[in-house]
**Student:** 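Here you go, one structure.
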Amino acid sequence: MAPTFTNDYRHFAVTKGHGTKGLSDLQLDSLPEQYIQPVEERLDMTKVLKEESIPVIDMSNLDDPNVADQIVAAAEKWGFFQIVNHGVPVEVLENVQEATRRFFALPVEEKIMFTQEKSPTNSVRLTTSFLPKVDKVLEWKDYLSILVSDEKSFEFWPSACKNEVMEYVEKSKLVMKRLLKALMQGLNVDMESKESLIMGSTRNNLNYYPVCPNPELAIGVGRHSDVSSLTFLLQDNVGGLFIRKMETDTWISVPPITGAIVINIGDALQILSNGKYKSAEHCVAANGSNNRISVPIFANPRPDEIIGPLSEVLKNGEKPIYKHVLYSDYVKHFYRKSHDGKNTLDFAKI
Ligand code: OGA
Ligand code: NI
């Protein structure tokens with residue numbers, strides 16, 4: 001049943017499991033008030049720098065040391081870059097995008113089986129907004145999150161996307177490993193011995209941003225940095241991802257490039273590198289005319305790992321700016337509060 005009172009929208013989207021996709025399908029004339037962001041949390045298009053862009057790195061020649069240098073430089077300066085000729089086959093990317101659309105097109109009775117209350121496993125969860133129980137103003141986004149590294153949950157993954165996600169993650173992890181190897185080399189750290197610390201756990205999200213009434217009043221994803229070591233993100237051709245230019249209040253668009261993958265540094269790598277590599281704050285604008293999907297893979301430390309500045313980084317007498325924290329505590333802190341820019345890092349600051 002469609003809501004009849006304005007107060008019913010949260011109930012309809014969150015409790016009843018229709019999500020923002022369900023609201024979008026109602027073709028409302030205006031944005032429900034539960035989604036109207038305060039002015040400071042909207043994306044101010046006058047603050048977007050049209051002439052600047054993040055680097056696009058060609059990964060076809062891996063033996064070229066120049067490629068590793070470009071990766072390191074981009075991680076230091078921007079915390080964000082795109083990669084092309086990365087080696088993940090185009091069909092694998094197309095298949096996971098199709099699977100994402102197929103999952104979100106399922107009738108609500110099928111999708112609701114994956115909400116927190118009903119999902120047969122904690123490792124597969126469908127959510128609307130970011131933290132609907134915590135967010136004062138809801139975000140205009142639905143997402144399915146799968147803890148891929150929990151292999152025993154595989155039997156419970158939705159059949160609409162199961163095989164496609166598996167293949168996408170498998171192929172992409174090879175690229176993530178190569179990127180992390182280059183980044184670790186930049187710190188004089190041997191990647192092999194640190195694999196579980198840096199990428200011992202993998203999560204894949206399927207993000208769905210349906211057409212939004214009054215998109216300028218809403219936000220797709222609020223300002224945040226990822227808690228990952230590294231994020232690998234496939235976006236479609238709609239656009240809407242923006243990153244904050246470091247130390248400024250200006251934003252830069254991450255334009256869709258067919259076949260490219262967006263890479264960003266997460267908080268875990270900022271901490272491990274003692275701030276040499278920077279996680280960048282980013283957000284996603286809502287769109288008034290197109291549905292948008294994106295498919296991020298988060299390479300994370302294992303939850304039982306202690307993260308802190310690596311000894312190799314501090315060898316030359318550099319002072320640590322972060323303490324050692326249990327990674328699962330760091331993640332818990334992230335999920336205790338709504339999106340708030342890069343404030344999660346305060347948890348680990350000395
Ligand atoms: C995220 C995110 C960006 C996008 O899921 O953490 O920032 O383009 N997504 O969907
Ligand atoms: Ni993000």
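We count ligands from 1, going down the list as the structure has it; atoms in each ligand are counted the same way.
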**Student:** Which ILVMFWY residues are connected to I252, directly or by a chain of links, through side-chain heavy atoms under 4.5 Å apart?
**Tutor:**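 ILVMFWY cluster around I252 also holds L49, I54, W78, F80, Y209, V221, L233, L241, I243, V254, V262, V284.
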**Student:** Counting only N and O atoms by type, is there a donor-acceptor contact under 3.5 Å from the side chain of R10 to the main-chain atoms of P132?
**Tutor:**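 Checked: pair present.
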**Student:** Under 6.0 Å between ring centres: does that hold for F130 and F334?
**Tutor:** yes
**Student:** Distance alone, cut at 3.5 Å: any donor-acceptor contact between the side chains of H339 and D135?
**Tutor:**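 Per modelled atom types, H339 and D135 side chains form no pair under 3.5 Å.
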**Student:** Does the T248 side chain pair with the main chain of K245, one donor and one acceptor, at a distance under 3.5 Å?
**Tutor:** yes
**Student:** With no hydrogens and no angle check, is any side-chain donor or acceptor of D226 less than 3.5 Å from a backbone partner on S228?
**Tutor:** no
**Student:** Could you tell me the separation between the CG atom of L138 and the OH atom of Y35, rounded to the nearest 0.5 Å?
**Tutor:** 4.5 Å
**Student:** Between K342 and Q270, does the side-chain hydrogen bond (donor to acceptor under 3.5 Å, both in side chains) criterion hold? Intermediate values first, please.
**Tutor:** CA-CA 11 Å; K342 284 192 67 167; Q270 174 159 339; 2.8 Å; yes
**Student:** List nothing but the number: protein N/O/S atoms under 2.8 Å from the Ni ion (ligand 2).
**Tutor:**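 Number of qualifying protein atoms: 3.
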**Student:** Under 4.5 Å between side-chain heavy atoms, chaining through other members, with only Ile, Leu, Val, Met, Phe, Trp and Tyr counted: pull out the rest of the cluster around M246, sorted by chain and number.
**Tutor:**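 Members other than M246 - counting any ILVMFWY side chain reachable under 4.5 Å - there are none.
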**Student:** Check each protein residue for a heavy atom under 4.0 Å from ligand 1 and list those that pass, ordered by chain and number.
**Tutor:**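 These residues qualify: K141, N207, Y209, H224, D226, L233, L241, H282, V284, R292, S294, P296, F298.
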